[in-house]
Amino acid sequence: MSILNTTVGMNSAMDEINMIQQAQRHHLVVRDIGEEIDLEIGPGDDDPSFSMTIPQEPSNGDHEEQKQMLIASQISIEEQDPGKSQDKKRKKKVVKRWREEWADTYKWAYVDVKEGTARIFCSVCKEYGRKHRRNPYGNEGSRNMQMSALEEHNNSLLHKEALRLQVASKDKILTVVDKSIYVKALTSKTAGSIIEALLRRDPHEAEFIQSVQEVIHSLERVIAKNSHYVRILERLLEPERMVVFRVSWIDDKGETHVNRGFRVQFSQALGPCRGGLRCHPSMNLSIAKFLGFEQTFKNALSPYKLGGAGGGSDFDPKGKSENEIMRFCQSFMNELYRYLGPDQDLPAEDMGVGPREMGYLFGQYRRLAGNFQGSFTGPRIFWSGSSLRTEATGYGLVFFAQLILADMNKEMKGLRCVVSGSGKIAMHVVEKLLAYGALPITVSDSRGYLVDEEGFDYVKMSLLRDIKAQQRSLRDYSKTYGRSKYYEDAKPWNERCDIAFPCAAQNEIDQSDAVNMVNSGCRILIEGSNMPCTPQAIDVLKKANVLIAPASAAGAGGVCLTTSILGFYL
């Protein structure tokens, strides 16, 4: 027992000595306990006074002697200035806390000696200090850069690498934030029972519940008069088939990545399912169900006998190479192809899936199915698409707005129009607005929105298409047209307009955006994307007598795959 106690005592003594030496080795900016600590390495290489060296590690025989010397020096300091002794004790506690935090730091950085000088090295590239342009933990070179230690730390490459490794770490604890679900009151108890049953069955599927609520509210009077519709709706709210599968693909570096694929075949009551495939990091089962549910009603309004479906993946095509996107699409189709076919399911384009992705998907489907039977809706005729498939949805939105204005004895010429998004639908909306003499002034992307008070024209549209084709920011538009402005992290709904065309994503217009839209003079809203308004935003717009054209009707042009419907307007 005595030997064991002696060993434990020596280990604790060694730990204390190492802790104090570690504190002497690095200058610590010590604040109150609990506040942030900045570790400084001292002045830069260009400072001749920079000569901090590492003391040699003591031998086992000298441990007790050095500990006594350190304690004696500490006592002498306390006798000279009692206030400093308190600071020393506090510093000792802070150093201990810092050492605990430093254990995690060693995952991506480490301390080593370079030419007799202590340096912090990056674990990835084995470089240090100025080689990274900024020291990650201190203010080395800050006299020249006029930056604080914290700013240098946040802007260092080592810090960015730490964030990347933190995200990729399997040990990271994720904080799950439940989405709040807004439930509107219903006057009919029968209709309310449908929502209550849905909340009990799928309480976490916010997008799907919101979509169902919109339909139930619009059919509330019908349900109250015909109670047998309740049983029909209960069957309709449950998809016929939901497929969730793993998508493994290999990037250009040879590393394997895993994403999740979805396909919800909601209803085949009228015919084979038809719906888009969406690739976006936010994609989940709730969004897939919501898209399939919305598509079911949209297809029912078309002259074709089609059911509804929706799906996609949480794969993000932004920043990926052509080969990576191709490998992902092929892996995605390896699992999904058995559920597709001209008499079963017809996939179409959606956010993040364009002609390129559809081409890869169709090519893999053709190899697996062993035939060239067209069952994909896209811009190619032999995919069973139409010659106007690409333009159909965007043009249809403008045609719908023109019919509304004609019923109000008004013309579209000269009206200011605000458009969100910069994808296929938004670009064709802007193109058709120009043909009608309107003045489209905005487009947007994931980072902000672009406004041109003079309005876009066909030459400017060509520049916008080039920017999007090269995957550049809309900010580059202002380099050519200086009077335009690009606003970061903002939405275009505070711009003065007569008609709004939301064509970006679901719930892009919240309550505050709706208030800004009303104050900006908007009188007509044409929904280009599925469910672009939150329930609170719809309440604001209705109270202000803003006319809303729902996406299920206004966006039906994308369902019409031949020119029979659109030919009348062209």
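Atom set for the values below is all heavy atoms of this structure, side chains included, hydrogens, waters and symmetry mates excluded. Residues take their numbers from the sequence shown, with the count starting at 1.
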Task: Residues forming a ring pair (Phe, Tyr, Trp, His ring centres under 6.0 Å) with F266, sequence neighbours excluded - done: F208, F293

TODO: Test K460 against E454 for salt bridge (charged side-chain N to carboxylate O under 4.0 Å, His left out), laying out the working first.
DONE: CA-CA 11 Å; K460 295 177 179 179; E454 298 177 352; 3.7 Å; yes

Task: Partner set under ring pair (Phe, Tyr, Trp, His ring centres under 6.0 Å) for Y486, not counting sequence neighbours - done: none

TODO: Identify the two heavy atoms, one from Y365 and one from P342, that lie closest to each other, and give their separation to 0.1 Å.
DONE: OH-CD, 4.4 Å

Open item on the list: Can you tell whether the side chains of K542 and D539 come within less than 4.0 Å, N to carboxylate O?
Closed with: no

- [ ] Mind checking the CD-CD spacing from E240 to Q268? Nearest 0.5 Å is all I need.
- [x] 5.0 Å

Open item on the list: Give me the atom names and distance for the closest heavy-atom approach of S267 to A269.
Closed with: OG-N, 3.3 Å

- [ ] Before accepting this row, confirm whether a basic side-chain N of the pair R356/E322 lies closer than 4.0 Å to the acidic partner's carboxylate O.
- [x] yes

Task: N-O pairing of R327 and D252 below 4.0 Å - done: yes

TODO: Decide yes or no for I509 and T534: does some side-chain heavy atom of the first lie under 4.5 Å from some side-chain heavy atom of the second?
DONE: no

Open item on the list: Check whether T442 reaches the backbone of P492 with its side chain - one donor and one acceptor, N or O, closer than 3.5 Å.
Closed with: no

Open item on the list: I'd like to know if the side chain of D498 reaches the main chain of R416, judged simply by a donor and an acceptor atom lying under 3.5 Å from each other, with no hydrogens or angles considered.
Closed with: yes

Open item on the list: Nearest 0.5 angstrom please: D316 CG to N259 CG, how far?
Closed with: 9.5 Å

Open item on the list: Please check if the number of heavy atoms outside E238 that lie under 6.0 Å from its CD is greater than 12.
Closed with: yes

Task: Closest approach of Q471 to G319 (non-hydrogen atoms, all atoms of both residues) - done: OE1-N, 4.5 Å

Task: Residues E453 and R483 bridged, charged N to O under 4.0 Å - done: no

TODO: State, with a plain yes or no, whether a side-chain heavy atom of F297 is found less than 4.5 Å away from one of L236.
DONE: yes

Open item on the list: Are F332 and F315, when compared by the centres of their aromatic rings, separated by less than 6.0 Å?
Closed with: no

Task: Smallest separation among heavy atoms of G311 and A288, with atom names - done: CA-CB, 4.2 Å

Open item on the list: Main chain of S321, side chain of E324: is a donor-acceptor contact present, judged purely on distance under 3.5 Å?
Closed with: yes

Task: R447 CZ: over 12 foreign heavy atoms closer than 6.0 Å - done: no

Task: Full working for side-chain hydrogen bond (donor to acceptor under 3.5 Å, both in side chains) between Q364 and N334 - done: CA-CA 8 Å; Q364 186 69 3; N334 285 342; 2.7 Å; yes

Task: I524 and L405, any side-chain heavy atoms less than 4.5 Å apart - done: yes

- [ ] Kindly indicate whether the side chain of Y487, heavy atoms from C-beta on, has any atom under 4.5 Å from the side chain of E495.
- [x] yes

Open item on the list: I need the I538 CD1 to H217 NE2 distance, nearest 0.5 Å.
Closed with: 10.0 Å

Open item on the list: Do L541 and L525 have side chains that approach each other closer than 4.5 Å (heavy atoms only, starting at C-beta)?
Closed with: yes

Open item on the list: Quick check for you: to the nearest 0.5 Å, what is the distance between N507 atom CG and Q536 atom CD?
Closed with: 9.0 Å

TODO: Please check if the side chain of S520 supplies one atom and the backbone of N494 the other of a donor-acceptor pair under 3.5 Å.
DONE: yes

- [ ] For Q265 and Y339, indicate whether the former's side chain and the latter's backbone hold a donor-acceptor pair under 3.5 Å.
- [x] yes

Task: Over-ring placement of K320 relative to F328, 6.0 Å and 45° cut-offs - done: no

TODO: Take I526 and I404, measure what side chain to side chain contact (heavy atoms under 4.5 Å, CB included) needs, and give me the verdict at the end.
DONE: CA-CA 10 Å; I526 310 294; I404 292 175; 3.9 Å; yes

Open item on the list: For K491, is there an ion pair with E508 - N to carboxylate O distance below 4.0 angstrom?
Closed with: no

Task: Step-by-step side chain to side chain contact (heavy atoms under 4.5 Å, CB included) determination, K289 to M242 - done: CA-CA 9 Å; K289 291 176 67 175; M242 292 185 290; 3.9 Å; yes

Task: V443 vs F456 side-chain heavy atoms within contact, under 4.5 Å - done: yes

TODO: Answer yes or no for K485 and Y477: cation-pi contact, defined as NZ/CZ to six-membered ring centre under 6.0 Å and angle to ring axis within 45°.
DONE: no

- [ ] Please determine which of K424, R278, R274 meets the salt bridge (Lys or Arg N to Asp or Glu O under 4.0 Å) test together with E349.
- [x] K424

Open item on the list: Please check: side-chain N/O of S211 versus main-chain N/O of E207, any donor-acceptor pairing under 3.5 Å?
Closed with: no

Open item on the list: Ring-plane angle category for W249 and H257, please: parallel below 30°, perpendicular beyond 60°, tilted otherwise.
Closed with: parallel

- [ ] Report yes or no: does S331 contribute a side-chain atom to a donor-acceptor pair with the main-chain N or O of S248 at less than 3.5 Å?
- [x] yes

Open item on the list: With heavy-atom distances below 4.5 Å as the criterion, would you say the side chains of S446 and K318 are in contact?
Closed with: yes

Task: Exceeds 12 heavy-atom contacts within 6.0 angstrom, atom CZ of R221 - done: no

Open item on the list: Between D345 and R263, does any NZ, NE, NH1 or NH2 come within less than 4.0 Å of an OD or OE carboxylate oxygen?
Closed with: yes

Open item on the list: To the closest 0.5 Å, what do you measure between CG (L474) and CG (L464)?
Closed with: 6.5 Å

Open item on the list: Can a donor-acceptor pair be found, under 3.5 Å and without considering hydrogens, that links the side chain of E527 to the backbone of A551?
Closed with: yes

- [ ] Give, for atom CG of L433 and atom NZ of K413, the distance between the pair rounded to the nearest 0.5 Å.
- [x] 14.5 Å

TODO: Please answer whether the main-chain N or O of L403 pairs with a side-chain N or O of D407 as donor and acceptor at a distance below 3.5 Å.
DONE: no

Task: N/O donor-acceptor pair under 3.5 Å between S420 side chain and C503 backbone - done: yes

TODO: Output yes when K468 and D445 qualify as a salt bridge under the 4.0 Å nitrogen-oxygen rule, no when they do not.
DONE: no

TODO: Verify the distance criterion only: is there a donor paired with an acceptor across the side chains of N530 and Q506 at less than 3.5 Å?
DONE: no

Task: Residue pair R465, E431: steps toward the salt bridge (charged side-chain N to carboxylate O under 4.0 Å, His left out) verdict - done: CA-CA 11 Å; R465 292 184 188 279; E431 182 180 316; 2.6 Å; yes

Open item on the list: Pair V353, M358 - check side chain to side chain contact (heavy atoms under 4.5 Å, CB included), show working.
Closed with: CA-CA 7 Å; V353 177; M358 290 302 292; 3.7 Å; yes

Open item on the list: Pair K432, M427 - check side chain to side chain contact (heavy atoms under 4.5 Å, CB included), show working.
Closed with: CA-CA 9 Å; K432 206 61 182 177; M427 287 300 185; over 6 Å; no

